[in-house]
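These notes concern the structure reproduced below.
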Amino acid sequence: MTNASGIDLDGLNSLAAGDAHRVLLNVCAAPQWARGMTAARPFQSVEALLSTADRVLTALTEADLDHALAGHPRLGERSVADEVSGSEQSGVHDADRAGLLKGNREYEERFGHVYVACATGRSGQELLKMLHERLANDPATERRVIREELGKINRLRLQRLIAA
């Protein structure tokens, strides 16, 4: 039922609703997403879990999306308290941090929220290049990109959560 990452699929399915909601908020900080995922249980397979995660994310309102964004640290920012994002940002080296932090400020001034990108497997230089490219997006395009990136992050976090 449990593993080093957390719980297996059966464990997630069998949690009390409140406990499942709390666990899922660690995947995505949008309460509506966690509620939707909790209500969709039981999941028959990992693929069903992941496709439901995508569907629930797609259905989030813009306000819900803002809740999800609020749960993400700035890329390049060191956060000892956030072990998950720290491992996701393992490709960001100290030399990249200053550029990312400067780019984050520009991004936040332009769009009004933190820059979110699926950092797993990407270097700090790649993330910085993406940030600069995304600064050219109009707000509607950027919101679509954010949903895509959050979807990737949610899928990876769910897979880690239930990994045997």
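When all heavy atoms of Pro31 and His21 are compared, the pair lying nearest together is O-NE2, 3.5 Å. Nearest heavy atom pair, residue His67 against residue Ala29, reads O-CB, 3.6 Å. In terms of heavy-atom proximity, Asn13 sits nearest to Pro42 at OD1-CA, 3.2 Å. Taking every heavy atom of both residues into account, Phe111 and Asn137 meet most closely at CZ-O, 3.4 Å.
Leu57 CG to Glu148 CD: the interatomic distance, rounded to the nearest 0.5 Å, is 10.0 Å. Interatomic distance, Leu60 CG to Leu150 CG, rounded to the nearest 0.5 Å: 8.5 Å. The structure places CG of Leu161 at 7.0 Å from CG of Leu24, a figure rounded to the nearest 0.5 Å. To the nearest 0.5 Å, atoms CG (Leu49) and CD (Gln159) are separated by 8.5 Å. Taken to the nearest 0.5 Å, the OG1 atom of Thr38 stands 10.0 Å off from the CG atom of Asp19. With rounding to the nearest 0.5 angstrom, the SG atom of Cys28 is 14.0 Å from the CZ atom of Arg155.
Checked by atom type and distance alone, the side chain of Glu108 never pairs as donor or acceptor with a backbone atom of Val114 at under 3.5 Å. The closest donor-acceptor contact from the side chain of Tyr115 to the backbone of Gly103 lies at 3.5 Å or more, if one exists at all. The backbone N or O of Leu15 sits less than 3.5 Å from a side-chain atom of Arg41, completing a donor-acceptor pair. Under a 3.5 Å cut-off, the side chain of Arg134 and the backbone N or O of Ile146 do not form any donor-acceptor pair. Listed for the Arg122 side chain is no donor-acceptor partner under 3.5 Å among the backbone atoms of Leu127.
If you chain together hydrophobic residues whose side chains sit under 4.5 Å apart, Leu25 and Ile153 never meet in one group. Connection of Val145 to Tyr107 is not established within any shared hydrophobic cluster, with ILVMFWY side chains joined at heavy-atom distances below 4.5 Å, either directly or through further cluster members.
Of the N and O atoms on the side chains of Asp64 and Thr61, at least one donor lies less than 3.5 Å from an acceptor on the other residue. A donor-acceptor contact closer than 3.5 angstrom links the side chains of Thr141 and Arg144.
Side-chain contact between Asn154 and Val56 is absent, with no heavy-atom pair separated by less than 4.5 Å. Residues Arg157 and Asn26 fail the side-chain proximity criterion, which asks for heavy atoms closer than 4.5 Å. With contacts defined as side-chain heavy-atom distances shorter than 4.5 Å, the pair Thr52/Met37 qualifies.
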Decide side-chain contact (heavy atoms from CB on, under 4.5 Å) for Asn104 and Leu131; before the verdict, give the C-alpha distance in whole Å, the side-chain angles of both, and the deciding distance to 0.1 Å. CA-CA 8 Å; Asn104 280 324; Leu131 185 153; 3.8 Å; yes

Begin with the C-alpha distance, continue with both residues' side-chain angles, and end with the deciding distance and a verdict on side-chain contact (heavy atoms from CB on, under 4.5 Å) for His113 and Leu65. CA-CA 11 Å; His113 53 76; Leu65 192 61; over 6 Å; no

Set out, in order, the CA-CA distance, both residues' side-chain angles and the distance that settles salt bridge (charged side-chain N to carboxylate O under 4.0 Å, His left out) for Glu149 and Lys152, then state yes or no. CA-CA 5 Å; Glu149 292 297 312; Lys152 293 173 192 174; 3.0 Å; yes

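The existence of a salt bridge linking Lys102 and Glu106 is confirmed by a sub-4.0 Å separation between a basic side-chain nitrogen and an acidic carboxylate oxygen.
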